[in-house]
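Hydrogens, waters and symmetry mates play no part in the numbers below; they use all other heavy atoms, side chains included. Reminder, nothing fancy here: chain letters follow the sequence lines and each chain counts from 1.
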Protein chains: 2
Amino acid sequence: MTESESASVDLEIIVQGAQEGKKLELRLWLRMLSTTKLISQEIRRRLRNEFGATLPQFDLMAQLYREREGLRLGELSKRTMVTNGNVTGLVERLEADGLVLRVTPDGDRRVTVAKLTEKGETQFSAMAAAHEGWLRDMMADVEPAIISELWRDIGEVKSSVSNHLSGADFD
Amino acid sequence: MTESESASVDLEIIVQGAQEGKKLELRLWLRMLSTTKLISQEIRRRLRNEFGATLPQFDLMAQLYREREGLRLGELSKRTMVTNGNVTGLVERLEADGLVLRVTPDGDRRVTVAKLTEKGETQFSAMAAAHEGWLRDMMADVEPAIISELWRDIGEVKSSVSNHLSGADFD
DNA sequence: TTCAAACCTTTGACATTTCAAATATCGTCC
DNA sequence: GGACGATATTTGAAATGTCAAAGGTTTGAA
């Protein structure tokens, strides 16, 4: 068993023990966090094993795949919820792998636009199909009605959180 | 719930579902991920500004706070869903700050047990109280009934995911 | 007893992450 | 046209994250 596989599936159960006097919000947050970590790790493992890619790279390419003309790095930063400095490095590595191209438009030389190469589009297209299948498989035991309901209600949570941020906010 | 609210919610489902042609599972995953990132970033920012601490450090200390006798690093790794190698560095830094103590028990010299110092307990206790308040604030606009429902349904998702991991390891 | 397998942690190479400060360019106001 | 504020990206330091491999230590079976 590799190290990454040893991660516990029951983080949240351990964290909160039985279910003592913990507040609803805290319990929900712990469960959201552990579930998200669990799914992320699974996707990360499969991306690595089957495509030799990382999750942040996949996320970034997903944005570029939706905008074939490319995106400015700042826009990429907003959409992926990753800091500017981080985007710089991610795009650098993807460019080194021939998956992404960087262009500075004539109009504004402050700007860098990243777009997928032919190779990048091909590769992402394969990854995206697999990615969608993995998620369907992982959530196979959950009723579609529950999934829709979750999507709606998590939207409410996201909305509430967005309205109660202390500092600079996304979106 | 008012009439207009339920109408708009239903509309949104129909529109979104037909519009993107995306599978339910994928849409749910993207929303879970962005919401979790949003909350994480807010907590990280507040931990940093108000306590000079990081989120991984907080998570690790939370586990040690629940087990006053301390925990082996491997157990810490499972509970925090962080790799062993990563735990080593985290504990190292916390020990350098005087928040955590490392001990090798006489019985088994392969093992390292980490436990909170007095200073660590005091500091974590303050952070935990604040942390719980932040979550209550962020989710203030969400009905308690919805929060409970989310907690249950995300539990179903987590359960389904756990049963469909490629690594297929269970505790 | 002995030694190979199993166990626990650390190490090393990289990738990702944040924040803050530095660079570079643009647009505008005077 | 020159200085200034706003915008866009990069850089640098430190922390976190993964994975694979290496280090000790213990255990169990021959």
Side-chain N,O ([X]) to OP1/OP2 ([N]) below 4.0 Å:
{"X": "B:Gln41", "N": "C:dT18", "answer": "yes"}
{"X": "B:Arg72", "N": "C:dC8", "answer": "yes"}
{"X": "B:Thr83", "N": "D:dT18", "answer": "yes"}
{"X": "B:Asn84", "N": "C:dT9", "answer": "no"}
{"X": "B:Arg102", "N": "C:dT10", "answer": "yes"}

Sugar-phosphate, base or nothing in reach of A:Thr88, heavy atoms under 4.0 Å: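 Base contact - A:Thr88 has a heavy atom under 4.0 Å of at least one base atom.
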
Sugar-phosphate only, base, or nothing, as touched by B:Leu90 at under 4.0 Å among non-hydrogen atoms: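 Sugar-phosphate contact only.
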
Pair A:Thr80-A:Gln63, side-chain donor/acceptor within less than 3.5 Å: no

Round to a whole Å and report the spacing from [atom1] of [X] to [atom2] of [N].
{"X": "A:Asn86", "N": "D:dA13", "atom1": "CG", "atom2": "C1'", "answer": "15 Å"}
{"X": "A:Leu55", "N": "C:dC14", "atom1": "CG", "atom2": "P", "answer": "22 Å"}
{"X": "A:Arg48", "N": "C:dC14", "atom1": "CZ", "atom2": "P", "answer": "13 Å"}
{"X": "B:Asn49", "N": "C:dC19", "atom1": "CG", "atom2": "C1'", "answer": "11 Å"}
{"X": "B:Glu95", "N": "C:dT10", "atom1": "CD", "atom2": "C1'", "answer": "14 Å"}
{"X": "B:Leu71", "N": "C:dT9", "atom1": "CG", "atom2": "C1'", "answer": "15 Å"}
{"X": "A:Leu73", "N": "D:dT7", "atom1": "CG", "atom2": "P", "answer": "17 Å"}
{"X": "B:Glu42", "N": "C:dT18", "atom1": "CD", "atom2": "C1'", "answer": "15 Å"}

A:Thr54 or B:Gly74, whichever maps to the more 5' nucleotide of DNA chain C: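 By nearest-heavy-atom nucleotide position, the 5'-most residue is B:Gly74.
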
First encountered from the 5' end of DNA chain C, between A:Gln57 and A:Asp108: A:Gln57

Distance-only donor-acceptor test (3.5 Å): side chain B:Arg110, base C:dT9: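 Result: no qualifying N/O pair found.
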
Residues, nucleotides or ligands: over 12 heavy atoms within 6.0 Å of B:Glu50 CD: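 Yes - once you tally the heavy atoms of other residues, nucleotides and ligands closer than 6.0 Å, there are more than 12.
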
Salt-bridge contact B:Arg102-B:Glu95 (side-chain N to carboxylate O under 4.0 Å):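 So B:Arg102 pairs with B:Glu95 through a salt bridge.
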
Note: A:Arg46-A:Glu42 ion pair, threshold 4.0 Å (strictly below): yes

5′-ward residue of the pair A:Glu75/B:Asp106 relative to DNA chain D: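 Its nearest nucleotide lies further toward 5', so the answer is A:Glu75.
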
Of A:Arg44 and A:Gly85, the one whose closest DNA chain D nucleotide lies more 5':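 Here A:Gly85 is the residue nearer the 5' end.
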
Cation-pi geometry met for B:Arg68 and B:Tyr65 (6.0 Å, 45°): yes

